[in-house]
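We use all heavy atoms of the structure for the numbers below, so side chains are in, but hydrogens, waters and symmetry mates are not. Counting starts at 1 for both ligands and their atoms, following the listed order. Predicted model, so just to flag it, every value in this text is computed and none were measured.
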Amino acid sequence: MEENIISIQGLGKVFHTGSGDFTALEDIHLEIKKGQIQGIIGLSGAGKSTLVRCINYLERPSSGQIFFRGKSLSTMKEKEILAMRQNMGMIFQQFNLLEQRNLLRNVCFPLEIADSGCISRALKEWKEKKKENKEKRAKSEVNDSKLSSTPLGVIIKTVLQGKARKKKRIERAKELLKLVGLEGREKSYPSQLSGGQKQRVAIARALATSPEVLLCDEATSALDPKTTEQILALLKEINEKLGVTIIIITHQMSVIESVCDEVAIIDHSKIAEHGPVKEIFRSPKTEIGKRLILGEGEKEAFFGGGRRFRIAFDGKNAHDPILSELILALHTPVNILFANTKEVDGMAVGQMVIELPENMEDILRVTQFMKERGIPFEEVHA
Ligand SMILES: Nc1ncnc2c1ncn2[C@@H]1O[C@H](COP(=O)(O)OP(=O)(O)OP(=O)(O)O)[C@@H](O)[C@H]1O
């Protein structure tokens, strides 16, 4: 069984504003499996960003629990929360790069933060060890731990180690810039890059601390379709190569469709439906699901008379043979009113709305035909 890396149970978030309380999230339940690409989709204001900010505890939930690798965030001490956050990289629509730093130093930045405070940590450890040794000596226990003799010795040792750490940081940043396809651009500055390249730097920076989870909040919303495709391909590669669990927040169904394994649809602060992308795409159950997946175009299909059926293509069948067989079986023309299908390896995925004549016999023949071939369908009404 796949392990859940994040488990959200009954999560709620209420903002207390000047004009009263506002419920941004209500009773959210979601299990995110390790190594998966989880999509979270919804219209503007649905609560997507609030959810992602609750997942890494930038926003404290008002109710419910979030578990990261089985541990409730509400029971974590501040130090553990910081460590958990280092384990969750984040990228944003506006990239948030540091304009005064070159690319190498941008990627090094989270590692510098992780390494900062080394001297005070080393001194604290030294004091604790010294106390422990003193107690052992008093009890005549064997003391085999070697300690620097003075605090100055500790500081010198840490500074020397610091140089090695800096070298490591630079090596890691170069490695990551190579991974995201920006090898040789280490000395460039963000202002010299395109949007797609900036997002690549942001991804490299988010991966610097080797997080297990990468949160992407509308990461492709500011990019053109081709660049979006390239960034999504990079995220997929990172997921496959490094095993990083990725959570993608978006309002674009095409993003979900192209890379996500699972999707949760948020509507008015609640999860309307969730499950494997293929399933949800094949037959969205809720109004919001239908609207997001089928787009506004389907509405145009509801002019005119006749009975209409939505056929779902789930990648098992090609739609051309099905339609021609259907026409042959019925001996009557079939109007395609709306189609949102894609060919994947010669197979059709998506939906189609067809119109049939108002004739009970024909309708029965069609429904029989669909059932025999195991094609999901439903009658749709305007
Ligand atoms: N700090 C806050 N105080 C008060 N209300 C807030 C706060 N943050 C978010 N909200 C409200 O919560 C709701 C959900 O916001 P959120 O940013 O999570 O939506 P979203 O789905 O990410 O939308 P978008 O796609 O437009 O970014 C919105 O109505 C927003 O105004």
Side-chain angles (χ1 to χ4, degrees), residues 6-32 37-66 68 73-74 81 85 88-97 195 198-199 202-203 206 213-225 227-228 231-232 235 245-260 262-275 277 280 284 286-296:
I6 293 168
S7 171
I8 302 170
Q9 296 179 8
L11 173 72
K13 176 70 192 176
V14 178
F15 289 112
H16 305 289
T17 68
S19 50
D21 287 356
F22 180 82
T23 303
L25 294 173
E26 202 178 334
D27 199 27
I28 302 281
H29 290 266
L30 190 64
E31 307 289 343
I32 300 175
I37 305 188
Q38 169 76 51
I40 296 172
I41 190 167
L43 301 176
S44 182
K48 307 180 294 292
S49 296
T50 306
L51 174 60
V52 87
R53 287 170 65 78
C54 283
I55 289 177
N56 64 10
Y57 240 45
L58 284 172
E59 207 70 77
R60 300 275 157 142
S62 310
S63 54
Q65 296 270 359
I66 298 172
F68 179 58
L73 301 193
S74 66
I81 298 271
R85 261 187 220 135
M88 284 193 200
M90 195 163 179
I91 57 170
F92 309 87
Q93 181 173 354
Q94 295 306 333
F95 323 121
N96 295 4
L97 299 180
K198 283 183 189 171
Q199 198 55 291
I203 292 171
V213 176
L214 181 61
L215 303 169
C216 311
D217 192 356
E218 296 284 4
T220 56
S221 298
L223 306 175
D224 61 62
T227 313
T228 293
I231 293 295
L232 293 176
L235 291 176
T245 305
I246 300 183
I247 301 174
I248 294 183
I249 307 286
T250 181
H251 64 277
Q252 298 166 296
M253 198 62 202
S254 56
V255 169
I256 300 287
E257 193 196 335
S258 98
V259 284
C260 295
E262 303 255 336
V263 63
I265 300 178
I266 300 204
D267 187 34
H268 292 100
S269 326
K270 291 181 183 164
I271 292 191
E273 55 184 310
H274 66 102
V277 170
I280 301 271
T286 57
E287 274 314 307
I288 182 71
K290 287 175 188 169
R291 187 168 160 196
L292 286 166
I293 291 162
L294 302 172
E296 298 296 330

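Closest approach of Met88 to Leu215, counting heavy atoms only: SD-CD1, 4.2 Å.
Checking Ile55, Val213, Ile247, Asn56 one by one against Met90, the side-chain contact (heavy atoms from CB on, under 4.5 Å) holds for a single residue, Asn56. For the side-chain contact (heavy atoms from CB on, under 4.5 Å) test with Ile256, the passing option among Ile40, Ile280, Val263, Ile37 is Val263; the others fail.
Residues Thr286 and Asp267 are not in side-chain contact: their nearest non-hydrogen atoms beyond the backbone lie 4.5 Å or more apart.
Residue pairs satisfying the salt bridge (charged side-chain N to carboxylate O under 4.0 Å, His left out) criterion with at least one member in residues 46-55, sequence neighbours excluded, are listed as follows: Arg53-Glu59.
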Name each N or O atom in ligand 1 that is under 3.5 Å from a protein N or O, and give the partner atom and the distance.
unit_1	atom_1	unit_2	atom_2	d
ligand 1	18 (O)	Ser49	N	3.4
ligand 1	18 (O)	Thr50	N	2.8
ligand 1	18 (O)	Thr50	OG1	2.5
ligand 1	19 (O)	Gly47	N	3.4
ligand 1	21 (O)	Ala46	N	3.1
ligand 1	21 (O)	Gly47	N	2.9
ligand 1	21 (O)	Lys48	N	2.9
ligand 1	21 (O)	Lys48	NZ	3.0
ligand 1	22 (O)	Ser49	N	2.9
ligand 1	22 (O)	Ser49	OG	2.9
ligand 1	23 (O)	Gly45	N	2.7
ligand 1	25 (O)	Lys48	NZ	2.9
ligand 1	26 (O)	Ser44	OG	2.6

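Between the side chains of Glu218 and His251, at least one donor N or O lies within less than 3.5 Å of an accepting N or O.
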